2 protein chains.
Amino acid sequence: MMLPDGKKTARQRLIIAELALSPTVRTSALAQQLGVSTETVRRDIEELTRQGLVSRTYGGATGRQVGMQPEFANREEEAVAERDAIAWAAVALVRPGDVVMIDSGSTTARFAQALAAREVPVTVITNGFAVAGAFRRNDLFRVMVCPGQFIAREQGVYGSETCSFLQRFFADIAFIGASGLTDEGPTEVETEACAVKRTMLARAERRILLIDFSKFHRRHFEVVCPLSVLSDIVADRVPEGTLAERLSENGVTFHAGISGETATSTP
Amino acid sequence: MMLPDGKKTARQRLIIAELALSPTVRTSALAQQLGVSTETVRRDIEELTRQGLVSRTYGGATGRQVGMQPEFANREEEAVAERDAIAWAAVALVRPGDVVMIDSGSTTARFAQALAAREVPVTVITNGFAVAGAFRRNDLFRVMVCPGQFIAREQGVYGSETCSFLQRFFADIAFIGASGLTDEGPTEVETEACAVKRTMLARAERRILLIDFSKFHRRHFEVVCPLSVLSDIVADRVPEGTLAERLSENGVTFHAGISGETATSTP
DNA sequence: CAGATTTTGTGGAATATGCCACAGAATTTG
DNA sequence: CAAATTCTGTGGCATATTCCACAAAATCTG
């Protein structure tokens, strides 16, 4: 077994160090600097990318966007491409002027960034800091943040204050995330998060679940709501088997955001 | 002369938008997505690079390392040593079990980090994201975040929702920041921020202003409150002249946090 | 409307990178 | 010490990107 301190580790540490200085590094430059072949550097970068420590680019690597909580940031890295696809597909569902409720979470935060980037004027109500933070242009967006108890792990607020605050509003459209999706509906680990999601769903005309396919058929502690409550689901892959059947049975419109393209299947 | 709204501008905006989502973009992908030639995209990227908005890479571009709001991040950097001194001096005023209200701002955020590092169990009520984010250990701290309209520049929430929420609580101690401090009292640029500070002061038994000496005698748009409202001031230098007189006249205890040591002068 | 200016597309040669497979080197393991 | 495993370098070929120069197209100006 290789101890975690060989030439390789030293090299990879240096790559990360370099990345802290410059936004991007090039494979060729690193190879020269480190006195190894470009292939070796490429392999290092591949490995670091798998660990989510850097992002591979054509000809080099780039560092992660820092500034977020590590745990939260890790989850962000997990499946960037998938989440981007979902985010962009979901943005298409928002109309200018809508009042949009957005749940706290990494998938929804990504969606918020996409929505902000599109510069569609909307009013946002959210319990997530990362979601609120995405809307930097206060001239274009009105962002209302819920009160509640701050949970660092989720980078958002939860609790009875949050829910009773949400009750006071009515939204055109609500976007929520979940830890799993089963025949019975979306499932969640956190009970408090569940309550917030339920409240948002109850206060919105259109109720959309954003979820990546890796969570299909995953059962967690609590069911957020029956499938029939949802009006749409945006995911990066088409569900199969009973899940697909139940979706169409319950009149849930499915939108697939698959790396760039966007398909929609209405039941 | 070209008006600032051609196809070109739209394209470049989209490139930046894309970069907000993904850490890197590739020229080829953008060309396809935008329906233009790779040469055009390259020229756009060159131009954006000259403007310092993106970094050119081999085969594409990468965004500037962001994460926080540039202004906020800069302000954080401005005077770390001074603020640390203030923060540590202020932490000494907090007793275990206190309910603490903390205003949004860079000085108060620093204070929050110091307080969190001390691991004194407290309940925190704040309107600042950076303040809330400092308390990562949810087992030690209970952090309540106010509702309100999110202002990106301040990384916090403001407005009537914020104030009426605060009214519902009573705190042992409140910490606020300010843009200036004059004989008449602390002054602020933002009216909305003023209202929040005033409400916090009204709901707390001990009312403490955290401010660095560079803001002494600085008069801004609005006066937050008369000096007599404050119970304590923590700064990194002893005020002089009329300001010092008025402070003792109004029974305000002054605490000096000067790079490590902490002195207190009671009137 | 015509001329001037800016912007964009095209083609090709030079250069860089990616990827693959295999062999040699280094290290670990028994 | 020898076998096994892991790590690294090399060579070649396919693919991508850069850079340049020039022409076509779009846009602005008077």
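First the proteins, then the strands, lettered A, B, ... as listed; each starts at 1. Predicted model, so just to flag it, every value in this text is computed and none were measured.
In terms of heavy-atom proximity, A:Ala89 sits nearest to A:Val234 at CB-CG1, 3.8 Å.
Between the CD1 atom of A:Ile45 and the P atom of C:dT17 there is a distance of 11 Å, given to the nearest Å. The separation between A:Glu47 atom CD and D:dT6 atom C1' is 11 Å, rounded to whole Å. Taking atom CD on B:Gln32 and atom C1' on D:dT17, their separation rounds to 15 Å, with Å as the unit.
Between B:Phe141 and B:Phe135, the ring planes are perpendicular. Angles over 60° get that label, and only those under 30° would be called parallel.
Every salt bridge (Lys or Arg N to Asp or Glu O under 4.0 Å) that B:Glu190 has, sequence neighbours left out, goes to B:Arg153.
Between A:Arg43 and A:Glu46, none of the side-chain N atoms (NZ, or NE/NH1/NH2) sits under 4.0 Å from a carboxylate O, so this pair counts as no salt bridge.
Distance from the side chain of A:Arg56 is smallest for C:dC19 among the nucleotides C:dC19, D:dC19, C:dA16.
Between A:Ser179 and the choices A:Glu188, A:Lys215, A:Arg219, the side chain to side chain donor-acceptor pair (under 3.5 Å) rule is met once, by A:Glu188.
Taking the six-membered ring wherever Trp is involved, the centroid distance between the rings of A:Phe150 and A:Phe129 falls below 6.0 Å.
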>> As a quick check of understanding, evaluate side-chain hydrogen bond (donor to acceptor under 3.5 Å, both in side chains) for A:Thr242 and A:Asp183, giving each step before the final call.
In response: CA-CA 7 Å; A:Thr242 57; A:Asp183 295 358; 3.1 Å; yes
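For C:dT17, one of the phosphate oxygens OP1 or OP2 lies less than 4.0 angstrom from a side-chain nitrogen or oxygen of A:Ser28. Between A:Arg26 and C:dT15 there is no side-chain N or O to OP1 or OP2 distance below 4.0 Å.
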>> Can you give me the dot-bracket string for DNA chain C, 5' to 3', counting Watson-Crick and G-U wobble pairs with both distances under 3.5 Å, using [ ] for crossing pairs and | for partners on another strand?
In response: ||||||||||||||||||||||||||||||
Please enumerate all protein N or O atoms sitting under 3.5 Å from an N or O of nucleotides 9-11 of chain C, with distances to 0.1 Å.
residue: C:dG9; atom: OP2; partner: B:Ser37; partner atom: N; Å: 3.2
residue: C:dG9; atom: OP2; partner: B:Ser37; partner atom: OG; Å: 3.0
residue: C:dG9; atom: OP2; partner: B:Thr40; partner atom: OG1; Å: 2.1
residue: C:dG9; atom: N7; partner: B:Arg43; partner atom: NH1; Å: 3.3
residue: C:dG9; atom: O6; partner: B:Arg43; partner atom: NH2; Å: 2.9

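Summary of the strand contacts: B:Asp44 and B:Tyr58 both lie near DNA chain C, and taking for each the nucleotide with the nearest heavy atom, the more 5' one is attributed to B:Asp44.
Taking CG of B:Asp44 as the reference point, atom CD1 of B:Ile16 lies at 10.0 Å (rounded to 0.5 Å).
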